[in-house]
Amino acid sequence: MFQYIHYSSTKQEQYALVTKQLEALLAGEPNKIANLSNASALLGQFLDRINWVGFYLHDGHELILGPFQGLPACVRIPLGKGVCGTAAFEQKTIRVADVNEFPGHIACDAASRSEIVVPLVKDGELIGVLDIDSPEVNRFEEEDEIGLMHFANVLTRFL
């Protein structure tokens, strides 16, 4: 049913396509864990040069590991700590060119060199964050940030 797709167009067109695929994949499915699992799998096959993609979910106090693709990860992240906790606390996307230069970075995978974290907010409430790591310094560009923020906005409609 599903197969690997090589995305060969502009980055903006690629993000538009993967977001349309997300909508089709999640349509009619009410289960949050199933939807987050498929979203992480979709991004895992869409994004190149990454080593981790997944979600941390807010339980009202801290972030807890959710569905992901990659090596085992940190299970709990306090709000305001590391890139994920800071993005969640501030409810704003954070793109880090070199994680070794981010104060308080939490190194779950020593191979990660750059990171982007997009908060998932629905009706003013923090649901969690989308976290993506890369073994390359400065992997994520402004186009990635814009595309991933749109992807996350669409995803939150299904959560």
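Computed from heavy atoms alone, side chains included, the values below leave out hydrogens, waters and symmetry copies. This one's a predicted model, so the numbers in the text were calculated from it and none came from an experiment.
Not a single donor-acceptor pair under 3.5 Å links the side chain of D133 to the backbone N or O of S112. With R95 contributing its side chain and S114 its backbone, the two residues share no donor-acceptor pair below 3.5 Å. Side-chain N or O atoms of Q14 include one that pairs as donor or acceptor with a backbone N or O of S9 at under 3.5 Å. No donor-acceptor pair under 3.5 Å is formed between the side chain of Y56 and the backbone N or O of G85. Without hydrogens or angle criteria, N51 side chain to S134 main chain gives a donor-acceptor distance under 3.5 Å.
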(message) Does K81 form a salt bridge (charged side-chain N to carboxylate O under 4.0 Å, His left out) with E62? I'd like the steps, not just the answer.
(response) CA-CA 10 Å; K81 302 292 182 187; E62 61 187 343; over 6 Å; no
(request) Walk me through it: do L57 and I33 pass the test side chain to side chain contact (heavy atoms under 4.5 Å, CB included)? (result) CA-CA 10 Å; L57 303 175; I33 298 301; 4.2 Å; yes
(request) For side chain to side chain contact (heavy atoms under 4.5 Å, CB included), just list the numbers for H150 and V154, CA-CA rounded to whole Å, side-chain angles, deciding distance to a tenth of an Å, and then say yes or no. (result) CA-CA 6 Å; H150 181 64; V154 169; 4.0 Å; yes
(message) Applying side chain to side chain contact (heavy atoms under 4.5 Å, CB included) to L63 and R76, what does each step give before you reach the verdict?
(response) CA-CA 6 Å; L63 297 174; R76 295 175 184 275; over 6 Å; no
(message) One pair to check against side chain to side chain contact (heavy atoms under 4.5 Å, CB included): L155 and F55. What are the steps and the verdict?
(response) CA-CA 12 Å; L155 174 61; F55 299 94; 3.5 Å; yes
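When the shell of 6.0 Å around CZ of F102 is examined, it contains more than 12 heavy atoms from other residues, nucleotides or ligands. In H105, the NE2 atom is crowded: over 12 heavy atoms of neighbouring residues, nucleotides or ligands sit closer than 6.0 Å. In this structure, E29 places its CD atom where more than 12 heavy-atom neighbours from other residues, nucleotides or ligands lie under 6.0 Å away. In E125, the CD atom is not crowded: 12 or fewer heavy atoms of neighbouring residues, nucleotides or ligands sit closer than 6.0 Å. The neighbour count for K92 NZ, taken as heavy atoms of other residues, nucleotides or ligands under 6.0 Å away, does not exceed 12. For NZ of K20, the number of neighbouring non-hydrogen atoms (other residues, nucleotides, ligands) closer than 6.0 Å is 12 at most.
Considering NE2 of H58 and CD1 of I127, their distance stands at 11.5 Å, rounded to 0.5 Å. Atoms CZ and CD1, on F140 and I50 in that order, are 6.5 Å from each other to the nearest 0.5 Å. Expressed to the nearest 0.5 Å, how far CG of D131 lies from CH2 of W52 amounts to 5.0 Å. The CG atom of L120 sits 10.5 Å away from the CD atom of Q91 when rounded to the nearest 0.5 Å. We find the OG1-CG distance between T19 and N153 to be 9.5 Å, quoted to the nearest 0.5 Å. Atom CD1 in I132 sits 5.0 Å away from atom CG in L47 (nearest 0.5 Å).
Residues L43 and Q69 have side chains not in contact (no heavy-atom distance under 4.5 Å, counting atoms from C-beta outward). Between L79 and L126 there is a side-chain heavy-atom pair separated by less than 4.5 Å.
In plain terms, the two heavy atoms of C74 and I106 that are nearest each other are SG-CG2, 3.8 Å. Of all heavy-atom pairs spanning A152 and V118, the tightest one is CB-CG1, 3.6 Å. Nearest heavy atoms, F89 versus G80: CB-N, 3.7 Å.
Ring pair F46/Y15 is perpendicular by interplanar angle, where above 60° counts as perpendicular and below 30° as parallel.
Under the side chain to side chain contact (heavy atoms under 4.5 Å, CB included) rule, L130 has a single partner from T93, V117, I116, V53, which is V53. Of the candidates E143, E142, E141, E145, E141 is the only one forming a salt bridge (Lys or Arg N to Asp or Glu O under 4.0 Å) with K11.
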